[in-house]
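Encoded as structure tokens, the structure appears first; notes follow it.
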There are 2 protein chains.
Amino acid sequence: MQNRLTIKDIARLSGVGKSTVSRVLNNESGVSERTRERVEAVMRQHGFSPSRSARAMRGQSDKVVAIIVTRLDSLSENLAVQTMLPCLYEQGYDPIMMESQFSTKLVQEHLDVLSHRNIDGVILFGFTGIDEAMLTPWRDTLVLMARDAEGFASVCYDDEGAIRILMQRLFEQGHRHISYLGVPESDITTGLRRHEAYLSFCRQHELTPNAVLPGLAMKQGYDHVAKVLNEETTALLCATDTLAIGASKYLQQHPRTPLQLASVGNTPLLKFLHPEILTVDPGYAQAGKQAALQLIAQVTQHAELRQITIPAALS
Amino acid sequence: MQNRLTIKDIARLSGVGKSTVSRVLNNESGVSERTRERVEAVMRQHGFSPSRSARAMRGQSDKVVAIIVTRLDSLSENLAVQTMLPCLYEQGYDPIMMESQFSTKLVQEHLDVLSHRNIDGVILFGFTGIDEAMLTPWRDTLVLMARDAEGFASVCYDDEGAIRILMQRLFEQGHRHISYLGVPESDITTGLRRHEAYLSFCRQHELTPNAVLPGLAMKQGYDHVAKVLNEETTALLCATDTLAIGASKYLQQHPRTPLQLASVGNTPLLKFLHPEILTVDPGYAQAGKQAALQLIAQVTQHAELRQITIPAALS
DNA sequence: CTGTTAGCGCATTCAT
DNA sequence: ATGAATGCGCTAACAG
């Protein structure tokens, strides 16, 4: 843009040395109140802001973080990222965005690029097949989303709790034949954990489980929902909003006796299309904020690598 | 990450001077083929990549661009961004993402941040009320999406063509009472242009227009669609996929005589939910690519500020 | 408390 | 064709 001022200019304009300006800039101690104020005044007056590249070169942080989402159009990840961004902006971090498309190879490529770029940290939305080994170099500057791994900071959803809450509610409503539409167990969180929570609840309450685990896509919900519906079924629990939307479409086209749907995920889209569906909010928004805060804490003050679980809540 | 090598190291390792390495790095002429190859070998062998901050400080580009979307969860913008990203990566640009939430104030804040950040360029998704004056400083390094403005590079959709194609098709199918569900005319492109194209077609073919322009949201489509439906109506044209989804929900809940729906936008969501709807693809994907290419051309070779319009096509 | 000095990694003269 | 020297804007070590 315009030819910007440097600390040298500020120093000259306020009649002090460069290093004093630098000290003021970094809130270092050892500057008299008077000079500090004077320098700050000059900086404000001229709208001065230090060159990021120069700072970066001096070993300081570049104040850039990367966010690697699986897909730009993931409903849940969008909600998380939307709360993440303001947190990052506020602390002066610029977020560069990348899309993994559920490909380990793409994640690897992106990380390679990032390693050449003096990145402060990475927030990575996990998925099935992600290779923990390749994340090792990033151990201290990474926050894993929606997945946890030994030795890494992470923000997870309470998969088990979310399913339990929904099952409990359905059970209280009198449902005794609750089917389950989910995701293959190769997916640890959305797949395995949620399915196990379902099975566990069934066991405890002596219900007969009836599940199918086709995948993550709407179409898969649509195509496979029929398999878990029989005459007795009165309720259907879906592992995700996306599956619930697919299932709903099928049910609209193939009417049957009333069926109470329930799903994990509190996306605006599902709320609009099917407000009658019982949903639990896995806390996507809160997760985004927590992840941002955790990452900043890690990279600025070497905070411990916490494994955070966001509590689920009926919505 | 690791303590990276510098051109000094490469110079030492290949037995040449720093400046020679620099020359090789920038593909400058005046280096003998032999030394060039030798230096390149050493660089490859050690996986050398120059410090971006150092280059940036030397007045070179930082190779960062900003993408300001209106909303992270906009279906159409997602499609555009998804094609934009690979183009940018390929050229070594890192995209930092920001969300305007349709707020001029937020755009201004983001641009302020960016002006302190030695950004190469900005891709801005336009919206109603965007203030061209505040974009002036960015004239040469900005590409406006979905909106055009005097003196700025832009990538627009063919609003007029998209509507015309759909109307033509509906007309050919025999429809003579085609209603329109759109966006207020304060929105120049999605609002005004599409509505005018609708009116224009009606005039030319002596149809009686019947339109309502509630807004962009699904709920608005749902709430207002009834107003444009009467006994004679056989087709409904929606200005966007989002409106079409809202309208469809209403129609499912309030059955009537068959109504052919049509809409502008070729999003996967609509295709899944309502494949029966006639849609035209405004070319979101192609638009993303064009925008990335245009921006790169501008910032690397001061290419002219083209105003590109993506042709619409039946999908 | 404050100014001076010396680099960070690179591109760019200017010599050779 | 190539190496040595200079400085980008900043922080850090060292003097006063």
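Order of the sequence lines sets the chain letters (A, B, ...), proteins ahead of strands, with each chain counted from 1.
- At the phosphate of D/dT2, OP1 or OP2 sits under 4.0 Å from a side-chain N or O atom of B/Ser32.
- The phosphate of C/dC1 has neither OP1 nor OP2 within less than 4.0 Å of any side-chain N or O from A/Arg23.
- Comparing D/dG3, D/dG9, D/dT11 by their nearest atom to the side chain of B/Met57 picks out D/dG9.
- Under the 4.5 Å side-chain criterion, counting only non-hydrogen atoms from C-beta, B/Met43 is in contact with B/Leu25.
- In the set C/dG9, D/dG9, D/dT11, D/dT11 carries the atom at the smallest distance from any side-chain atom of A/Asn26.
- Seen from the ring of B/Phe152, B/Arg139 counts as a face-on cation partner, given the 6.0 Å and 45° thresholds.
- Distance CG (A/Asp62) to P (C/dG9): 15 Å, rounded to an integer number of Å.
- Following rounding to the nearest Å, A/Lys8 (NZ) and C/dG3 (C1') show an atom-to-atom distance of 15 Å.
- Remark: B/Lys289 NZ is loosely packed, at most 12 non-hydrogen atoms of other residues, nucleotides or ligands lying under 6.0 Å away.
- When the P atom of D/dG9 is taken as reference, atom CG of A/Asp9 falls 8 Å away, rounded to whole Å.
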**Message:** salt bridge (Lys or Arg N to Asp or Glu O under 4.0 Å), that's the test. Do B/Arg306 and B/Asp148 meet it? Break it down for me.
**Reply:** CA-CA 10 Å; B/Arg306 293 206 299 148; B/Asp148 48 12; over 6 Å; no
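- The shortest distance between side-chain heavy atoms of B/Gln298 and B/Thr141 does not fall below 4.5 Å.
- An OP1 or OP2 oxygen of D/dT11 is reached within less than 4.0 angstrom by a side-chain nitrogen or oxygen of A/Ser22.
- Remark: C1' of C/dG7 and CD1 of A/Ile7 are 14 Å apart, rounded to the nearest angstrom.
- Closest contact between the side chain of B/Glu28 and the listed nucleotides C/dT12, C/dT2, C/dC10 involves C/dT12.
- Closest to the B/Val31 side chain, of the nucleotides D/dC14, D/dT2, C/dC10, is D/dT2.
- Atom NZ of B/Lys18 and atom P of C/dC8 are 9 Å apart (whole Å).
- Nucleic acid contact class of A/Val16 (heavy atoms, under 4.0 Å, all strands): sugar-phosphate only.
- Between the side chains of B/Arg147 and B/Thr189, at least one donor N or O sits under 3.5 Å from an acceptor N or O.
- Considering only side-chain atoms of B/Ser19, the nucleotide from D/dC10, D/dT2, D/dA4 that sits closest is D/dA4.
- In this entry the distance linking CD of B/Glu33 with P of D/dT2 reads 10 Å, nearest Å.
- One finds a side-chain N or O of B/Thr35 lying less than 4.0 angstrom from the OP1 or OP2 phosphate oxygen of D/dT2.
- Between the side chain of B/Arg52 and the base of C/dG9 there is no donor-acceptor pair of N/O atoms closer than 3.5 Å.
- Donor-acceptor pairing under 3.5 Å, judged by distance alone, is absent between the side chain of A/Arg4 and the base of D/dG9.
- Rounding to whole angstrom units, CG of residue B/Asn118 and P of D/dG9 are separated by 11 Å.
- Listed nucleotides: C/dG3, C/dC10, D/dC10. Nearest to the side chain of A/Thr20: C/dG3.
- We find that CG of B/Asn27 is positioned 17 Å from C1' of C/dT12, with the value rounded to whole Å.
- Listed candidates were C/dG3, D/dG9, C/dC1. Nearest to the side chain of A/Arg58 is D/dG9.
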